[in-house]
Amino acid sequence: MSATKNSKTGPEVLKSGSFSGKLYQAKKSVGGRQYGIFRLVYTEPGGRRRVRDFAERQTAIEKWRQVSEAWRLNRGDALSLSSDEVREHQAAVSALDGLNASLFEAAKTFAAATHRLPAGIGILEAVDDFLRRHPSGMAKKQVDEVVQEMIADADARRLSAEHLRDLRRRLRRFAADFQCPIASITPAMLRDWIRSLTREDGKPMTNRSKFNFQRMIVSLFHFARRQRYITRDQADELAELDAPKPEPSKTGIFSVEEMRRILEAAPDDIRPALAIAAFTGIRTAELARITWDAVKLAERVIVVGADRAKTASRRIVPMPDNLVEWLTPLVRDSGPVSPSPNDRAMNHRFARTAAKVGVKWRHNALRHSAISYRLAVCADAARVAAEAGNSPNMVHRHYKALVSQADGEAWFDIRPFSAAPPEAPK
């Protein structure tokens with residue numbers, strides 16, 4: 001056994017073959033008083049780091065002799081290590097100094113982490129990625145907390161009831177499935193979740209619905225970025241994730257004869273809302289919030305206020321002559337245009353009216369019909385888009401060439417009881 005002091009203040013290095021330890025002079029507080037001690041530090045053959053304190057140096061040295069002798073007798077095979085291997089072992093032990101971990105524990109942790117990482121990804125690379133996603137000082141927020149904040153923000157900005165309803169439905173489902181910190185979600189996790197989505201009845205979900213889910217969730221992550229809950233890189237990575245390609249949707253519309261029969265069969269209380277939807281393309285969700293003071297018969301326009309519009313943007317919608325004729329005998333001074341409490345109830349009444357005259361009700365067909373026939377008449381996608389609260393690209397893509405100009409002219413010539421009410425099909 002040999003003992004060498006590194007410097008005047010450094011520890012003594014104790015060696016017995018390739019087995020080594022260190023002896024430090026330190027102070028220890030007992031009962032409020034400090035005492036000088038000798039601290040022996042060494043690593044057992046199994047890799048466990050040992051720290052022993054002694055009041056006298058000689059006692060510490062004697063303990064070291066016992067340990068080194070036991071090592072020599074029980075681990076004689078270690079004496080066959082080459083000098084390079086001995087130096088490597090000593091360097092490894094030295095690298096762990098101050099970490100309170102043995103060489104064995106370090107090797108075990110390294111192996112477990114390496115097995116869990118994807119092929120080709122190193123531990124340092126994974127640590128760097130973690131630190132990039134979780135910079136110091138960034139608030140740690142659960143998904144459901146961020147969802148509630150985003151919904152409250154949308155409510156405070158007075159977004160439409162339809163938008164808020166959609167926001168709550170989609171984001172609360174996401175939060176229920178991801179009960180974890182929002183910063184821990186990766187693009188792969190979101191992609192797999194979107195792909196696995198099903199309807200509430202367990203049937204497959206359409207790509208259109210999956211697309212809408214992903215769009216809403218990407219908005220959530222951008223909201224989280226603005227609140228400094230995640231980094232810009234993470235939000236951008238999720239936004240760049242390929243979205244499901246929506247299936248081509250067929251734009252369903254009513255024929256001129258179908259619309260005439262529905263209007264003539266409609267009760268007086270619901271007919272104004274039905275006629276406005278059919279001849280202006282105003283969304284039923286917007287129509288459910290419009291009051292009679294927004295219907296300007298003399299000016300032949302309907303004002304869709306920012307607080308009523310789905311896009312939260314005010315627009316002026318012109319009324320065609322036939323709509324003025326439908327509304328004139330039914331106009332009121334005040335109150336809501338629709339007697340139904342919301343757009344769903346209003347659509348149910350529209351559908352029941354259509355069923356009475358043998359017409360199959362089609363989802364969103366009132367708006368689709370109005371925009372399609374209006375585009376056929378004026379041939380100006382930008383103008384129609386402004387009136388409908390939509391984009392010219394959307395109008396051009398979904399409504400162009402669905403009907404002829406003659407069909408459009410006939411649509412806007414549907415007037416009150418222009419012909420004897422047809423008999424319901426037998």
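One is the number of the first residue; the rest follow in order along the sequence. Just so we're clear, the structure is a prediction, and the values are computed from it rather than from any experiment.
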Which pairs would a plain distance check flag for residues 110-117, meaning a side-chain donor or acceptor within less than 3.5 Å of a matching protein atom at least two apart in sequence or in another chain?
from   : atom 1 : to     : atom 2 : distance (Å)
Thr114 : OG1    : Phe110 : O      : 2.8

**Asked** According to the salt bridge (charged side-chain N to carboxylate O under 4.0 Å, His left out) rule, which pairs have a member within residues 170-183, sequence neighbours left out?
**Response**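 Sorted result for residues 170-183: Asp166-Arg170.
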**Asked** Can you list every pair that meets salt bridge (charged side-chain N to carboxylate O under 4.0 Å, His left out) and has a residue in residues 212-230, with sequence neighbours left out?
**Response**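 The answer is none; no pair qualifies.
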**Asked** Listed by chain and number, what are the ring-ring contact (aromatic ring centres under 6.0 Å, His included) partners of Phe221, not counting sequence neighbours?
**Response**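 Applying ring-ring contact (aromatic ring centres under 6.0 Å, His included) to Phe221 gives none.
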**Request:** Scan residues 317-334 for pairs that pass side-chain hydrogen bond (donor to acceptor under 3.5 Å, both in side chains), counting only residues two or more places apart or in two chains.
**Result:**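 For residues 317-334, and leaving out neighbouring residues, the side-chain hydrogen bond (donor to acceptor under 3.5 Å, both in side chains) pairs sorted by first residue read Arg300-Asp321, Glu325-Arg415.
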Can you name the residues that form a side-chain hydrogen bond (donor to acceptor under 3.5 Å, both in side chains) with [X], not counting sequence neighbours?
{"X": "Asp407", "answer": "Ser404"}
{"X": "Thr284", "answer": "Asn347"}
{"X": "Gln405", "answer": "Glu409"}

Contacts of [X] that satisfy salt bridge (Lys or Arg N to Asp or Glu O under 4.0 Å) - sequence neighbours left out:
{"X": "Asp268", "answer": "Arg271"}
{"X": "Asp343", "answer": "Arg165"}
{"X": "Arg383", "answer": "Glu387"}
{"X": "Asp269", "answer": "Arg349"}

**Prompt:** Once the angle between the rings of Trp193 and Phe174 is folded into 0 to 90°, is it parallel (under 30°), tilted (30 to 60°) or perpendicular (over 60°)?
**Reply:**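 The rings of Trp193 and Phe174 stand perpendicular, inter-plane angle above 60°.
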